Amino acid sequence: MFRYAIFDLDGTLLNTLLDLADCVNATLRHFDLQEVQSGDVMRALGSGRTNLIRRTSGVEDPERLEEICVYYDALYGKNYRRLTRAYDGIAEALAKLQDAGVGMAVLSNKQHPMTVSLIAECLPEIRFAAVLGQRPGVALKPEAGAVYEILDILGAPKEETLYFGDSDVDVLTARNAGVEMAAVTWGYRPEGTLIRAGAARLLHSPAEIPGLFGI
């Protein structure tokens with residue numbers, strides 16, 4: 001029986017795509033770069049903001065890329081909550097886990113302050129033992145280090161922990177950390193991508209989450 005849950009953020013708990021796409025394209029316009037479709041932004045998500053900007057801008061030069069990222073950070077920091085919302089049914093599903101005493105945490109490749117702010121604003125009634133985003137000196141997912149950090153905070157054995165995510169990066173993260181994984185299909189990757197990545201457990205609705213904990 002699972003007693004602990006670790007959740008990815010973008011595409012799993014929150015639908016952040018519209019705000020991200022708006023800010024990416026505003027950034028590209030500012031630097032006279034070609035704008036992209038929201039689908040391009042969606043496919044570029046999951047590996048941190050530097051990779052998001054690299055993939056959507058096509059810029060590889062490190063100094064130029066960092067200049068663009070700094071502008072994007074400032075813009076997204078002002079506009080991250082215009083359209084972003086928790087997916088329908090997420091708050092209700094997490095409340096059931098909370099009431100049942102399931103230990104919960106969030107792990108994202110989004111920058112840490114933004115991760116913390118989004119959780120506080122979009123899911124204010126849910127108590128997470130840890131909310132961790134991208135931090136200096138800590139490797140991004142799919143490296144397993146931050147998962148181990150969360151397990152320590154939760155006091156959670158691997159075999160009692162279930163990791164939730166919407167991408168191939170999340171599937172690999174769970175595998176690298178040695179924990180079970182549930183891949184959600186309402187996020188930013190097609191079901192086929194999740195299956196090809198090795199996802200053995202697929203969820204099609206947040207309403208399915210509590211059942212994995214016997215609730």
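Worth saying up front: this structure is predicted, and the values here are computed from it rather than measured. Worth knowing before you read on, the calculation uses all heavy atoms, side chains too, and leaves out hydrogens, waters and symmetry mates.
- Side-chain contact between Met104 and Tyr4 is absent, with no heavy-atom pair separated by less than 4.5 Å.
- Taken together through direct or relayed side-chain contacts under 4.5 Å among Ile, Leu, Val, Met, Phe, Trp and Tyr, Phe31 and Val24 form part of one hydrophobic cluster.
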Chi angles and distances behind the side chain to side chain donor-acceptor pair (under 3.5 Å) call for Tyr87, Ser205: CA-CA 10 Å; Tyr87 285 104; Ser205 165; over 6 Å; no
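- Side-chain contact between Leu33 and Ile68: present, with at least one pair of heavy atoms (C-beta onward) separated by less than 4.5 Å.
- Atom CG of Asp166 is separated from atom CG of Asp10 by 8.0 Å, given to the nearest 0.5 angstrom.
- Closest non-hydrogen pair, Phe213 versus Phe2, comes out as CD2-O, 3.2 Å.
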Verdict with reasoning, Leu20 to Tyr76, per side chain to side chain contact (heavy atoms under 4.5 Å, CB included): CA-CA 7 Å; Leu20 287 165; Tyr76 186 57; 3.5 Å; yes
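- Residues Val179 and Thr173 have side chains not in contact (no heavy-atom distance under 4.5 Å, counting atoms from C-beta outward).
- The heavy-atom pair separating Glu180 from Ala174 by the smallest distance is O-CB, 4.5 Å.
- Hydrophobic clustering (side-chain heavy atoms under 4.5 Å, transitive across Ile, Leu, Val, Met, Phe, Trp, Tyr) groups Val59 together with Leu45.
- Partners of Asn25 according to the side-chain hydrogen bond (donor to acceptor under 3.5 Å, both in side chains) rule, which considers only residues two or more places apart in sequence or in another chain, do not exist here.
- With hydrogens and angles disregarded, a donor-acceptor distance shorter than 3.5 Å links the side chain of Arg201 to the backbone of Met181.
- A salt bridge is absent between Asp168 and Arg196: the closest approach of a Lys/Arg side-chain nitrogen to an acidic carboxylate oxygen does not fall below 4.0 angstrom.
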Stepwise side chain to side chain contact (heavy atoms under 4.5 Å, CB included) check, Leu132 with Val106: CA-CA 6 Å; Leu132 302 181; Val106 176; over 6 Å; no
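- Taking SG from Cys122 and CZ from Arg85, the interatomic distance works out to 7.5 Å, rounded to the nearest 0.5 Å.
- The shortest distance between side-chain heavy atoms of Leu28 and Ser57 falls below 4.5 Å.
- Donor-acceptor pairing under 3.5 Å is recorded for the side chains of Thr12 and Asp8.
- The heavy-atom pair separating Ile90 from Leu123 by the smallest distance is CG2-CD2, 4.2 Å.
- Tyr72 places no side-chain N or O within 3.5 Å of a backbone atom of Glu67 that could act as its donor or acceptor partner.
- Taking hydrophobic clusters as Ile, Leu, Val, Met, Phe, Trp and Tyr residues chained together by side-chain heavy-atom distances below 4.5 Å, Val169 does not share a cluster with Leu9.
- Under the 4.5 Å side-chain contact rule for hydrophobic residues, Ile126 and Ile150 do not share a cluster.
- Not one N or O on the side chain of Lys110 forms a donor-acceptor pair closer than 3.5 Å with the backbone of Gln134.
- Annotation: the span from Ile215 atom CD1 to Asp99 atom CG amounts to 8.5 Å, rounded to 0.5 Å.
- Using a 4.5 Å heavy-atom cutoff, the side chains of Ile209 and Leu203 are in contact.
- Distance CZ/Arg54 to CZ/Arg64: 14.5 Å, rounded to 0.5 Å.
- A 4.5 Å side-chain heavy-atom check between Arg135 and Val138 finds at least one atom pair inside the cut-off.
- With hydrophobic clusters built from ILVMFWY side chains whose heavy atoms lie under 4.5 angstrom apart, Met42 does not share a cluster with Val171.
- Among Thr115, Val131, Ile6, the single residue meeting the side chain to side chain contact (heavy atoms under 4.5 Å, CB included) criterion with Leu107 is Ile6.
- Heavy atoms of other residues, nucleotides or ligands lying less than 6.0 angstrom from CD of Gln37 number 12 at most.
- With Arg55 contributing its side chain and Ala44 its backbone, the two residues share a donor-acceptor pair below 3.5 Å.
- Using a 4.5 Å cut-off on side-chain heavy atoms (C-beta onward), Glu160 and Met1 make no contact.
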Derivation of the side chain to side chain contact (heavy atoms under 4.5 Å, CB included) call for Thr161 and Leu151: CA-CA 8 Å; Thr161 303; Leu151 293 176; 3.5 Å; yes
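- Closest approach of Gly48 and Leu140 over heavy atoms only: CA-CD1, 4.3 Å.
- A donor-acceptor pair is defined here as one N or O able to donate and one able to accept, closer than 3.5 Å; such a pair exists between the side chain of Gln98 and the backbone of Arg127.
- Side-chain contact between Glu92 and Pro206 is absent, with no heavy atoms from C-beta onward closer than 4.5 Å.
- Within the 3.5 Å criterion, the main-chain N or O of Ala144 finds no donor-acceptor partner in the side chain of Asn176.
- The backbone N or O of Arg43 sits less than 3.5 Å from a side-chain atom of Arg189, completing a donor-acceptor pair.
- Remark: the Tyr80 side chain and the Glu121 side chain contain an N/O donor-acceptor pair separated by less than 3.5 Å.
- Ion pairing between a basic and an acidic side chain is recognised when a charged N comes within 4.0 Å of a carboxylate O; Asp19 and Arg81 show no such pairing.
- Nearest heavy atoms, Val147 versus Ala177: CG1-CB, 3.5 Å.
- Applying the ring-ring contact (aromatic ring centres under 6.0 Å, His included) test to pairs two or more places apart or on separate chains, those with a residue in residues 129-183 are Phe7-Phe164.
- A donor-acceptor pair under 3.5 Å is absent between the side-chain atoms of Asp40 and the main chain of Val36, judged by distance alone.
- Using a 3.5 Å distance cut-off with no hydrogens or angles, the side chains of Asp170 and Ser167 do pair a donor with an acceptor.
- Across Ala130 and Ile153, no two heavy atoms sit closer than the pair CB-CD1, 3.9 Å.
- At least one donor-acceptor pair under 3.5 Å links the side chain of Glu208 to the backbone N or O of His204.
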